[in-house]
Amino acid sequence: MEQQYRLRFAPSPTGPLHIGGARSALFNYLLAKKNGGTFIVRMEDTDLERSSKESEENIKDSLRWLGMDWDEGIDVGGDYGPYRQMERLDIYNAAVRRLLEEGKAYYCFCSEEELAREKEEQQARGEVPKYGGKCRAIPLAEAEKRVAAGEKAVIRFRVPEGETVVVDDLVRGKVSFDTDGIGDFIIVKSDGIPVYNFAVVLDDHTMGITHVIRGEEHLSNTPRQLVLYDALGYEKPKFAHISLILGRDNEGKLTKMSKRHGSTSVVAYKEQGYLPEAIDNFLALLGWAPGGEEELFTLDELEQAFSLEHVSKSPAVFDLEKLKWINGMYIRGASGERLLEYGLPFLKKAGLVSAEPTADEMIWAMTVIDVLKTHISCFAELPELIEKYRAAVVYDDDVLASLKDCKEDALAVLRAMKEKLERNPKVTVDSYKKMLKEISKETGIKGRNLYHSLRVAKTGEEQGPDLDKLSVIIGRDLMLERLKKFIKMFQRMD
RNA sequence: GGCGCGUUGGAGAAGCGGCUGAACUCACCAGCCUUUCACGCUGGCAUUCAUGGGUUCGAAUCCCAUACGCGUCACCA
């Protein structure tokens, strides 16, 4: 009998979905899909202070945008709900009750000040800061009386002493931890809400999760959870801890990816005009390596190709350049409709097209995007590129004067051009192009060299737009007008 | 500090004891193509796998130290 894969992504709605979270979600999603399993999304909202509805919406939107639709979970429902932790308090309470009665957990009345002092003392002595166990011996009956009397208490788990817990990790192998280094940790806060480490165990178990893929920062949490699985008598899921995503800061040091490394949220990339499939592709490559030479994968292809065996243990570095390259590749391959769908908003925002584009504007936008699609790595670059093309090159006497210093080639080209212009002063875009071709033939200066000569001669600048593209972007009329100016300059030349 | 993890080129990485005289991709450099840029194409880019020992006929691959980096030690997830 084949095992039914059940994977989950369980974010806490305390902020927008960030890159790291998206990657965790993706890996879970991919492994589930690869094995014909179920992908579940659950909200870990037990942090009342920081959780928000907006964050939850943002996370769900980002997930959907990236194409990671979930089979079960929040919003879509399923047989293992509810899928928001705050709606599952009954489940946790029942388990706590059991643990309490079995003596595996106990009430703790220590105040925060007390605990802080204890911790300080331990640290001063160079010891591992962990709970000393002051309330360990309080009988349950007595403790319950005190709680009933209104005394504030948390519930701690009695961690077995002197045991070695082995995390059999799918990517890191066997990693062992000593329970003596853990200390009785809190499983229920004084407000009666369970703490993450406890809630996940219950959730993953009751939801039948088979594989847990999460960030490496959770690795040292895992022994706590394992010990809970044992106490509760639950079967453990398989764990896979994927490496951190590092970013390079201003000093060039690599540290855990955070705001200081630039945009970290998925929406931020969406807003810059990245395509979801490019983000997915990029994210998949962060810590996972496809076997072969190909690096570009659509979500569907990733679902087929993905495997935990090729997930790396060492941290991955977030390389914006690579993301840009991938995005550029997808932009080049995208259909006209999609290009327009993604590019148009940027043109509108830049005021290059009105909010309610006319038919002409739509055609213009479509053409421009098509012409420029091989030049951009994300749509946010579109307006500035267009601007660059639009910026008029000013041909004036100063430029003319500078021609004196031109290389021989440039002068030869320019002389030939002047002659032709004198013979046939009527200029159109096409005749201009034709003329350039002839000059090329006559002078023997061709291709790159011809243009380079002109370019240097023209302005001394290193840039000048392609005529075809220019005519699309700024319009044929405006271009002709500029051309004429340019030509006038040549005619005055000597 | 304890515990844990990692260290192959500028970046992502393959590699799992001999087929690696270290794939592949990004970046970079050179050339071709193209009247710019870009795209595309061709070629170049680690005598070496953090360092030092050891095991072995043979190591980037196994073992032990050292160094460095990072993570985690919350009534946050």
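Hydrogens, waters and symmetry mates play no part in the numbers below; they use all other heavy atoms, side chains included. Naming convention: chains lettered A, B, ... in sequence-line order (proteins, then strands); numbering from 1 in each chain.
- Spacing between B:U51 and B:C32 at atom P, rounded to whole Å, works out to 40 Å.
- In this entry the distance linking CZ of A:R332 with P of B:C41 reads 11 Å, nearest Å.
- Taking atom P in both B:C70 and B:A60, the straight-line distance is 28 Å, to the nearest Å.
- Geometrically, A:R146 does not engage A:Y107 in a cation-pi contact defined by less than 6.0 Å to the ring centre and at most 45° from the axis.
- If you check every strand for non-hydrogen atoms under 4.0 Å, A:S243 touches nothing.
- Between B:G12 and B:A22, the distance separating the two C1' atoms is 16 Å to the nearest Å.
- Ranking B:C37, B:G12, B:A14 by closeness to the A:S312 side chain, first place goes to B:A14.
- Rounded to whole Å, atom P of B:C24 lies 12 Å from atom CD of A:E295.
- Nearest heavy atoms, A:S176 versus A:T164: CB-CG2, 3.8 Å.
- Residue contacts shown for A:K322 include a base, since a base heavy atom lies under 4.0 Å away.
- Closest approach of A:P160 and A:T179 over heavy atoms only: O-OG1, 2.8 Å.
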Report task. Convert the base pairs of RNA chain B into dot-bracket notation, remembering that pairs crossing earlier ones are written with [ ] and that bases paired across to another strand are shown as |; include only Watson-Crick or G-U pairs under 3.5 Å. Result -> ((((((((.[[[..)..(.....]]].(((((.......))))).....[[[[[..)....]]]]])))))))....
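- Residue A:L320 contributes atom CG, which lies 13 Å from atom P of B:A27 at whole-angstrom precision.
- The closest side-chain donor-acceptor pair between A:Y269 and A:N327, if any, does not fall under 3.5 angstrom.
- Counting only N and O atoms by type, the side chains of A:Y92 and A:D203 include a donor and acceptor under 3.5 Å apart.
- Straight-line distance between the C1' atoms of B:U20 and B:C24: roughly 14 Å, to the nearest whole Å.
- Of the C1' atoms belonging to B:U55 and B:G17, the separation is 11 Å, rounded to the nearest Å.
- To the nearest whole angstrom, the two P atoms, one in B:A23 and one in B:U8, are 16 Å apart.
- As rounded to the nearest Å, B:U61 and B:A13 have C1' atoms that lie 16 Å from one another.
- Counting all heavy atoms, side chain and backbone alike, A:P16 lies closest to A:I59 at C-CG1, 4.4 Å.
- Side-chain proximity of A:T374 to the nucleotides B:G15, B:A38, B:G4 is greatest for B:A38.
- Note on A:G328: nothing from the nucleic acid sits closer than 4.0 angstrom, heavy atoms only.
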Query raised in the report: How does protein contact run along nucleotides 67-77 of chain B, one letter per nucleotide 5' to 3', with B for base contact, S for sugar-phosphate only, - for none, heavy atoms under 4.0 Å?
Result: ---SSSSSBBB
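- The nearest whole Å value for the distance from the CD1 atom in A:I242 to the C1' atom in B:G12 is 15 Å.
- Separating the C1' atom of B:C28 from that of B:G10 is a span of 8 Å, rounded to the nearest Å.
- Ion pair A:E56/A:K60 flagged as a salt bridge, since at least one NZ, NE, NH1 or NH2 atom sits closer than 4.0 Å to an Asp/Glu carboxylate oxygen.
- Tested against A:H241 for a side-chain hydrogen bond (donor to acceptor under 3.5 Å, both in side chains), the candidates A:R214, A:E216, A:E217, A:H218 yield a single pass: A:R214.
- If you take CG of A:L285 and C1' of B:G12, they are 7 Å apart, rounded to a whole angstrom.
- Between A:F346 and A:F379, the ring-plane angle classifies as parallel under the 30° and 60° cut-offs.
- Of the residues near RNA chain B, A:W288 and A:R172, the one whose nearest nucleotide (by heavy atom distance) lies more toward the 5' end is A:R172.
- Remark: C1' of B:C3 and CZ of A:F185 are 16 Å apart, rounded to the nearest angstrom.
- Straight-line distance from the CZ atom of A:F297 to the P atom of B:C24: 16 Å, rounded to whole Å.
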**Report entry** Stepwise side chain to side chain donor-acceptor pair (under 3.5 Å) check, A:D184 with A:Y106
**Finding:** CA-CA 10 Å; A:D184 297 349; A:Y106 59 90; 2.5 Å; yes
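- Per the geometry, CD1 belonging to A:I331 stands 13 Å off C1' belonging to B:A38, to the nearest Å.
- Side-chain contact check for A:Y330 and A:N281: at least one donor-acceptor pair (N or O, by modelled atom type) lies under 3.5 Å.
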